[in-house]
2 protein chains.
Amino acid sequence: MTGIDPKNRMGTDDRAADLRAEAFQGVRAARSRELAEDYVELIAELIHDHGEARPVDIAARLGVRVPTVTKTLDRLAREGLITRARYRSVFLTDEGRALARECRRRHEIVLRFLLSLGLDPETAERDAEGIEHHVSARTLALFAAFASKS
Amino acid sequence: MTGIDPKNRMGTDDRAADLRAEAFQGVRAARSRELAEDYVELIAELIHDHGEARPVDIAARLGVRVPTVTKTLDRLAREGLITRARYRSVFLTDEGRALARECRRRHEIVLRFLLSLGLDPETAERDAEGIEHHVSARTLALFAAFASKS
DNA sequence: GAGAATTGTTAGCACCATCTAACATATTGC
DNA sequence: GCAATATGTTAGATGGTGCTAACAATTCTC
Ligand SMILES: [Mn+2]
Ligand SMILES: [Mn+2]
Ligand SMILES: [Mn+2]
Ligand SMILES: [Mn+2]
C-alpha cells in the first residue's frame, strides 16, 4: 500500500503513449504514400493537358532528375498504379486513375480552403502540396464546408 | 512565321513548370525535416513531463523499435540538435531546444485550429501531427487568428 | 550484492529516394 | 535519310528510415 500505485500510473501513461504511437504510425503511413500520390496526380494532369506524360516533363515539374523519375515509375508500375513500355510515355491503370482523381479532388479542396482563409495563391499552392497528404476525410469535409461557406 | 510560335508556348509552360518544381522542392525539404522535428518536440515533452528522455520512451511514443531510435538519435546528435552519452538519456542542445519550442508552438496552433473548425480531438491530433510540418509562417498566422477569433 | 529484468547498442538486412556518369534509343531538322 | 539533339535507361554512390537478432550495460529486486 504505497501512496500512489506505480502500476496504475504506468498504465495511464502507457495508454497515452499508445495513442501517440498510433498517431505517428498513421503519419508514417501517409508519408509512405505521398510520393505515389504526387506522381499519379501529376501524370493525370499531364495526360489531360498535353496528351501524354513523359518522364522528362514529370521530372521538370517535380524538380528532380530524370533517372529519379525512372526509378520511381518502376516502383509505381510494380504497385500497379501505372503501365509503361521502354522509351514510351506513362499511362495510368484504373487503380492509378482512381487514385489520381481522389488526389486531385483533395488537392483542390485544400487549396480552395487555404485561399478562402486569405492566403496568397503562391503560398497556398506550396502549402497545399504538402498538407494534402495529411488530411483525413473528416478534416477534408470540414475544409470543403468552410470554403464553400465563405 | 508559323501559326503559333512554339518557343513562346514552351516558355510559358517552362515558367509554370518551374513554379511547380519550386513548390515540390519546398515540400521535399519539409519532408526531410519532419522526423527531426517530431523527435525534438517529443524529447522536450518527455524531459518536461518525466525529467528525462529515454530511448525506450521515445520508441514507445513514436511506435517504432528502440534500435530505430538509437540510429535516429545518432543523426540528431551529428546535426547538433541533441547530446547524449552511451546508455544515458538524451539532452537537447540550445539549438534543439529552440527547434522544439518552435515545433511545439506550431503543433499547438495547428491543433487548436483544427479543433476550432469542429474536428474531434483524436482526429485533430492525428492530422496535426502530419500537417504541422507543412504549414508556412503565413498559414500558421492565419490559423492562429482564426482559432482565437472563434 | 547476485540474479533477473530492462534498457541500449551494434551488426546486418531491406527498401526508398536522390544524385551523376555513361550509354542507348527516339525524335527532329535539314 | 542522316546527323544532331533530346529523351530514357542503367549502374553505382550516398544517406535516410525501418526491422530483427545478438550482445552489452544498467537497474531493479530480493
Ligand atoms: Mn503533394
Ligand atoms: Mn497535389
Ligand atoms: Mn509531427
Ligand atoms: Mn508534433
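Residue numbers start from 1 in every chain, and the chains themselves are labelled A, B, ... in the order their sequence lines are given, proteins ahead of strands. Quick caveat, the model's predicted, so the values are computed rather than measured.
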query: Is there a chain of hydrophobic side chains (I, L, V, M, F, W, Y, each step under 4.5 Å between heavy atoms) that links B/L62 to B/V66?
result: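 Result: no, two separate clusters.
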
query: Any chain of hydrophobic side-chain contacts (each under 4.5 Å) joining A/F24 to B/V90?
result: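 Same cluster.
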
Positions of [range] (non-hydrogen atom under 4.0 Å from DNA chain D), listed by number:
range                     : value
residues 55-62 of chain A : A/P55, A/V56
residues 22-35 of chain A : A/R28
residues 63-88 of chain A : A/V66, A/P67, A/T70, A/K71, A/R84, A/R86, A/Y87

Minimum-distance pair of heavy atoms, taken over all atoms of A/E95 and A/G80: OE1-O, 3.7 Å

task: Can you sort out the partners of B/R88 under salt bridge (Lys or Arg N to Asp or Glu O under 4.0 Å), two or more places apart, ordered by chain and number?
output: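 For B/R88 there are no salt bridge (Lys or Arg N to Asp or Glu O under 4.0 Å) partners, ignoring immediate neighbours.
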
message: Do B/L46 and B/R54 make a side-chain contact, defined as non-hydrogen atoms from C-beta onward lying under 4.5 Å apart?
response: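 Counting from C-beta outward, B/L46 and B/R54 never come under 4.5 Å.
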
field: Summary of salt bridge (Lys or Arg N to Asp or Glu O under 4.0 Å) pairs that have at least one residue in residues 106-123 of chain B, sequence neighbours excluded
entry: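 Matches after skipping sequence neighbours: A/R138-B/D120, B/E37-B/R106, B/R104-B/E108.
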
message: Please determine whether a side-chain nitrogen of the Lys or Arg among A/R31 and B/D38 lies less than 4.0 Å from a carboxylate oxygen of the Asp or Glu.
response: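 Counted as a salt bridge, because a side-chain N and a carboxylate O are separated by less than 4.0 Å.
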
- prompt: Hey, what else clusters with B/L140 if you join Ile, Leu, Val, Met, Phe, Trp, Tyr whenever side-chain heavy atoms sit under 4.5 Å?
  reply: A/I109, A/V110, A/F113, A/L114, A/L117, A/L119, A/I131, A/V135, A/L140, A/L142, A/F143, A/F146, B/I109, B/V110, B/F113, B/L114, B/L117, B/L119, B/I131, B/V135, B/L142, B/F143, B/F146

message: Whole angstroms only, please: what is the CZ-P distance between B/R54 and D/dA25?
response: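 The distance from CZ of B/R54 to P of D/dA25 comes to 18 Å, rounded to the nearest Å.
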
message: Nearest 0.5 Å, please: how far is OG in A/S89 from CD1 in A/I47?
response: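 With rounding to 0.5 Å, CD1 (A/I47) is 7.0 Å from OG (A/S89).
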
- prompt: What distance do B/F91 atom CZ and B/R97 atom CZ have between them, rounded to the nearest 0.5 Å?
  reply: 10.5 Å

